[in-house]
Amino acid sequence: MSIYDTLNEQQKEAVYRTEGPVLILAGAGSGKTRVLTHRIAYLIDRCGVSPWNIMAITFTNKAAGEMRERVDKIVGHGSESVWVSTFHSSCVRILRRYIDRLGFDNHFTIYDTDDQKTVMKEICKRLQIDTKMLKERTILGAISSAKNEFISPLEFAVNAAGDLVQTKIATVYTEYQNVMRKNNALDFDDLLVKTVELFQNCPDVLESYQERLRYLMVDEYQDTNTVQFELIRLLAAKYRNLCVVGDDDQSIYKFRGANIRNILDFEKVYPDAKVIRLEQNYRSTQNVLDAANHVIRNNKSRKEKTLWTDKGAGSPLHFKQFDTACEEAQFIAGEIRRKQAEGTVDFGQCAVLYRTNAQSRLLEEQFVLAGIPYQVVGGVNFYARREIKDLLAYLKTVDNGRDDVAVKRIINIPKRGIGAATIARVQEYADAHAISFYDALREADQIASIGRSASKLEPFVMLIQSLRGKLEYYGLQELLRDIIDTTGYVKALEESEEEDAESRIENIDELMNKVIAYEENHEEASLSEFLEEVALVADIDGVAADNNRVLLMTLHSAKGLEYSQVYLAGMEDGIFPSYMTITSDDVEEMEEERRLAYVGITRAKDDLTLTCARSRMVRGETQYNMVSRFVGEIPEELMDHRPPVVKRRSWEEYPQDTGSLNRFREKPFGSFGSRQAEAGGRNAEAGRGTGINSRSHMYTAGSLSAGIGSTRPANDPRLRPKAVLTPQRTEEENRPFFTKGAGALSGISKGAPAGGRPDYEVNDRVRHVKYGEGIVRKIEEGARDYQVTVEFDRAGTKVMYAAFAKLKKTE
DNA sequence: CGTACTAGTCTTTTT
DNA sequence: GACTAGTACG
């Protein structure tokens with residue numbers, strides 16, 4: 001009995017097929033990691049391949065770590081020689097060794113999104129680009145897309161010929177790369193691009209890697225972009241032992257440049273490729289799989305396949321719709337609490353998945369109230385926090401004096417009385433002498449224009465120099481400790497009045513712990529390597545498997561994971577699929593969104609609950625959403641439709657909730673002009689907030705003043721709580737109202753009173769600022785305002801309140 | 001030069 | 001609602 005006997009036929013085929021190109025189409029939960037690890041073992045044990053000649057590439061450190069662990073377990077001796085790592089880490093490793101061949105210093109730093117933006121801002125300023133018209137983000141996005149497609153600044157410029165905006169971006173792209181080179185820095189995309197350039201320009205280097213990495217395996221192949229494809233292609237060109245594993249149905253990173261054609265066209269690029277399908281699922285119940293299959297079937301561009309399991313039907317999927325997002329969160333927390341109390345499941349077996357990070361807040365609140373241990377994955381990356389970035393900038397400055405971004409970040413932290421004017425003069429000097437900013441600082445006494453300020457720069461330079469000197473005998477730990485002490489960073493926080501000072505200090509402690517852990521795990525811990533590792537961590541990497549907490553994360557982060565109990569929250573048109581997708585005219589986007597739904601559903605092993613809310617706050621506005629079309633794509637017989645537990649009020653009453661009342665009115669009343677608001681707003685909070693905040697306070701107090709406008713009497717019924725709550729709805733009413741077809745769209749409406757009958761009628765053509773033109777289908781007199789249903793030409797049908805839709809008749 | 005307040009933007013997803 | 005960049009003022 002060998003380890004391979006436990007594999008099914010297709011899995012065996014994938015393991016035994018060691019030579020030549022292989023495409024493994026691995027459905028969700030079909031045991032692809034198992035196949036990969038067994039394949040590595042097979043290569044070593046049975047084929048006599050040296051571990052040294054094998055490489056497995058993943059996307060996240062977490063995936064790489066897990067793969068490594070499993071390989072170690074099953075291969076045993078020699079497994080450490082197998083190269084298991086992420087695309088980005090692999091590239092860094094290669095570039096550290098050879099990037100001097102491209103005229104870079106091997107001691108480069110890696111810029112994160114934040115640093116990129118800093119660079120971009122400076123460039124835009126210098127090139128006098130109106131960032132209101134052309135935003136930094138947009139430019140960076142364009143540059144990133146270009147790099148993902150392996151388009152150089154020069155090519156970009158050629159392609160842009162004739163287009164004013166594109167030409168401008170081309171100029172910025174060129175300049176951006178110049179600055180990066182000057183700073184001896186690479187961004188995430190550069191890591192890949194430069195590696196490919198290196199291979200193209202230096203055949204000897206490429207060949208050495210081809211010789212070494214004779215057996216290549218790529219995980220999550222559906223998410224590779226064009227550069228990654230090229231990288232793999234080059235490496236595999238000599239021995240052609242390339243095995244890629246992926247699932248086109250789980251391709252969810254198109255927005256980041258992933259090219260689904262890489263997997264769909266694999267057989268075109270490698271006509272001799274062996275294609276193996278893994279369709280048996282070992283994870284979920286048949287009900288869950290059926291749901292997933294039905295949803296994904298609505299996609300056109302995919303390779304047909306159907307997952308099956310011998311696990312049995314399992315329990316039905318649960319679906320619940322709530323009035324508010326808060327109730328939704330309450331329910332999820334309550335359910336998890338209940339299950340845990342019953343002893344059926346533990347916290348660690350539960351995960352709540354949502355579309356956007358912002359949705360975690362409400363859930364967190366309820367989890368705290370319910371006393372449920374949880375962990376949120378994502379949001380603001382730990383290493384992106386201000387205090388952490390500050391300290392890292394010190395480390396970077398000590399490590400690489402050419403990183404101007406890092407130096408400028410900390411030159412006045414803590415306050416040294418060095419302002420913008422001084423920095424600008426030093427920069428001029430640096431430019432004039434073609435030296436780095438830091439080197440210019442060292443010659444501060446030579447800079448005539450800064451005068452007395454030179455004396456302020458000196459202590460900073462001294463500090464850095466002395467730290468560099470200490471590097472000889474300092475460990476990383478001592479270095480960081482020294483920086484914290486001499487800068488008084490933590491001390492300043494301790495004395496500060498800031499509300500979050502405490503959590504910042506905790507973060508710094510955490511950084512210290514990470515440094516200590518790093519030194520423990522790496523015998524020859526170097527500053528550069530630490531910084532590099534830190535630059536490449538993803539949110540998901542920090543999730544420990546064994547701490548028995550409920551995990552909250554986005555659907556994207558959840559890819560590759562599995563949980564017994566899965567909750568998909570916010571299943572609403574406008575949230576998921578996102579508003580952007582619904583309004584986009586690119587059909588592919590909806591397909592990608594549907595794949596995301598597929599990923600979400602297939603995370604569940606035993607139990608899947610889908611929830612949504614009729615109303616929720618999004619960016620300070622109340623949205624009314626209909627049930628997600630994806631829920632509608634799941635056959636009803638797979639679900640139960642029990643009515644919500646929470647007592648429900650009638651639709652008209654929403655604004656009566658004091659909570660939503662204020663928010664409900666903020667926007668609308670803002671449009672009345674701020675003067676009235678200030679007249680009534682002598683509230684204490686006025687100092688903190690804008691007039692809008694003070695206004696909402698005013699209403700809570702019930703003092704609706706005449707300032708609001710003559711259309712509303714003081715005893716406006718809308719402000720009196722309705723005494724009678726409508727009884728709970730019948731089962732029939734509680735059935736979700738599905739949105740059918742692509743055209744139907746939820747009514748994203750801003751609530752609001754005031755305003756008479758609109759000047760348009762049913763069947764009139766109207767124009768909306770955001771949604772464009774459409775035809776009025778219905779006008780209803782609601783409690784607060786006229787509700788208008790408009791069928792837009794491009795944006796679908798929307799129900800909106802007349803006063804705020806600001807619709808204009810077009811004829 | 002530093003602070004305090006305001007206005008604007010954002011968010012769909014991230015190595 | 002949350003955060004950030006920009007501006008006015010001391």
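We name chains A, B, ... by the order of the sequence lines, and we start the count at 1 in each one.
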Give the intermediate values and the outcome of side chain to side chain contact (heavy atoms under 4.5 Å, CB included) for residues A/Gln366 and A/Gln330.
CA-CA 6 Å; A/Gln366 294 304 326; A/Gln330 229 163 33; 3.4 Å; yes
Rounded to the Å, how far apart are A/Met590 CE and B/dT12 P?
14 Å
Does any donor atom in the side chain of A/Gln222 or A/Glu220 lie under 3.5 Å from an acceptor atom in the other side chain?
yes
Heavy atoms from C-beta onward define the side chain here; which of B/dT15, B/dT9, B/dT12 lies closest to that of A/Glu589?
B/dT12
Starting at the 5' end of DNA chain B, which residue's closest nucleotide do you reach first, A/Gln116 or A/Ala420?
A/Ala420
Gap between atoms CG and P, on A/Asp573 and B/dT12 respectively (whole Å)
15 Å
Under 4.0 angstrom between A/Thr581 side-chain N/O and B/dT12 OP1 or OP2:
no
For A/Val627 and A/Cys612, the nearest pair of non-hydrogen atoms, with its separation, is CG2-SG, 3.9 Å
So if I take every side-chain heavy atom of A/His88 and compare against B/dT12, B/dT15, B/dC1, which nucleotide ends up nearest?
B/dT15
Which nucleotide in the list C/dG1, B/dT13, B/dG2 gets nearest to the side chain of A/Thr554?
B/dT13
Rounded distance in Å between the P positions of C/dT4 and B/dT13:
15 Å
Rounded off to whole Å, could you give me the NZ-to-C1' distance for the A/Lys415 and B/dC1 pair?
10 Å
Could you check which residues of residues 247-260 of chain A get a heavy atom under 4.0 Å from DNA chain B? Sort them by number, please.
A/Tyr253, A/Phe255, A/Arg256
At a cut-off of 3.5 Å, list every protein nitrogen or oxygen paired with a nitrogen or oxygen from nucleotides 8-10 of chain C, distance to 0.1 Å.
none

In terms of the angle between their ring planes, are A/Tyr253 and A/His556 parallel, tilted or perpendicular, with boundaries placed at 30° and 60°?
tilted
Give a yes-or-no answer on whether the side chains of A/Tyr598 and A/Asn299 include a donor-acceptor pair shorter than 3.5 Å.
no
Counting only heavy atoms and a strict 4.0 angstrom limit, can you tell me which residues of residues 355-364 of chain A come near DNA chain B?
A/Arg355, A/Thr356, A/Asn357
